[in-house]
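Have a look at the structure below, then the notes.
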Amino acid sequence: MTKPRKSRTVVSLLLDVGVPLGSYYLLKGAFGMSAVAALGWSSVGPVLRTGWGVLRQREVNVLPLLILLANLAGLLIGFGTGDARLMLAKDSAVTSLVGFALLGSVALGRPMMTATLKPWLVKGDAGREAAWERLRRESPAFRRAELRFSAVWGVAFVGECGVRIVGVYALPVDTMVWLGTVVMIVTMLVAFVVSGALGAGPMVHMIGAAVTTDDSADALNALNALDVIDEVVEVLEAEKNSSLVGSTHR
């Protein structure tokens, strides 16, 4: 991962995780807001960021749009009922919805995580882009790895939902606010490792091998072209020499 990408990842984590978590305890402790109000206001930032990301994209990416709609629905339900636990459960509902959507896309053979995965693997390189497209068409192993990547994330999100729902109704709200974040981070770390081992890692190796093969083929074609040129030159020289010999005999 390059330094600019690392910086963007850190900033995203701070804005989407750190700021809402800190805002909840600040609004509830320093400003005396209720748990429902603090949860609601601390969720505004991530919702606005997700909405801006959806609007900024030139093409519709289903995953961010799904997260945005689920967050908005959860906020409306939470404020409507005044139930802090329900608002916490909203986060679990969002992840489970995303998880089931990912698993459904895998079942349909159109993995949703590909839109996120592909730019990281091809890195804007035309050769890697061409290798990706060719492997998707011709390599069953590549397509299976692509499906496994999304499947791992789908299972992880659904599993996280189950753990957080149990915590929401078994533990105090103030405890679950920070513990839910811990569960989310641990889930993402595990999903990164497992999806990398089962999906992204094998795909990287296959793309690299395909690029090397393409480069070797191009080099071989270039050598073959040079051989043809050499043969043509030799034929021309032979004909020229024959003409000279014929003119000498005359």
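All values reported here derive from a predicted model rather than from experimental measurement.
- For the pair Leu117/Met203, a side-chain contact is recorded, criterion being any heavy-atom separation below 4.5 Å from C-beta on.
- Proximity of a side-chain donor or acceptor of Arg143 to a complementary backbone N or O of Arg136 within less than 3.5 Å is detected.
- Met113 contributes atom CE, which lies 15.0 Å from atom CZ of Arg148 (distance to the nearest 0.5 angstrom).
- Salt bridge present: Glu133 and Lys118 bring a charged side-chain N and a carboxylate O closer than 4.0 Å.
- Both Val168 and Val173 sit in one connected hydrophobic cluster of ILVMFWY residues. Membership requires side-chain heavy atoms under 4.5 Å apart, directly or through other members.
- Val193 and Val186 fall into different hydrophobic clusters, where Ile, Leu, Val, Met, Phe, Trp and Tyr residues are linked whenever their side-chain heavy atoms come under 4.5 Å apart, directly or through other members.
- Judged purely by atom type and a 3.5 angstrom limit, Thr212 uses its side chain to pair as donor or acceptor with the backbone of Gly208.
- Within the model, atoms CE of Met188 and CD of Glu160 stand 9.0 Å from one another, a figure rounded to the nearest 0.5 Å.
- Side-chain contact between Leu86 and Tyr169 is present, with at least one heavy-atom pair separated by less than 4.5 Å.
- Smallest separation of non-hydrogen atoms from Ser150 and Leu102: O-CB, 4.0 Å.
- Of all non-hydrogen atoms in Ser96 and Cys161, the two that sit nearest each other are CB-SG, 3.3 Å.
- Between the OG atom in Ser92 and the CG atom in Leu97 there is a gap of 12.5 Å [rounded to 0.5 Å].
- Leu198 has its side chain out of reach of Phe149: every pair of non-hydrogen atoms, C-beta onward, lies at least 4.5 Å apart.
- To the nearest 0.5 angstrom, Arg164 atom CZ is 8.0 Å from Thr187 atom OG1.
- The closest donor-acceptor contact from the side chain of Thr114 to the backbone of Pro111 lies under 3.5 Å.
- Once rounded to the nearest 0.5 Å, the distance linking CG of Leu103 with CG of Leu108 reads 11.0 Å.
- Put simply, Trp120 and Leu147 are part of two different groups of oily side chains (I, L, V, M, F, W, Y) that touch within less than 4.5 Å, one to the next.
- Across all their heavy atoms, Glu129 and Val122 have their closest contact at OE1-CG2, 3.8 Å.
- Separating the CG atom in Leu135 from the CD atom in Glu146 is a distance of 10.5 Å, to the nearest 0.5 Å.
- Considering all non-hydrogen atoms of both residues, Ile207 and Ala131 come closest at O-CB, 4.1 Å.
- Linking ILVMFWY residues whenever their side-chain heavy atoms come closer than 4.5 Å, directly or via other members, leaves Val158 and Met112 in distinct clusters.
- Residues that satisfy the ring-ring contact (aromatic ring centres under 6.0 Å, His included) test with Phe192, not counting sequence neighbours, are Trp153.
- Looking at heavy atoms from C-beta onward, Met176 lies out of side-chain contact with Pro172 at the 4.5 angstrom threshold.
- Connection of Val182 to Val166 is not established within any shared hydrophobic cluster, with ILVMFWY side chains joined at heavy-atom distances below 4.5 Å, either directly or through further cluster members.
- Using a 4.5 Å heavy-atom threshold, the side chains of Phe157 and Phe100 count as separate.
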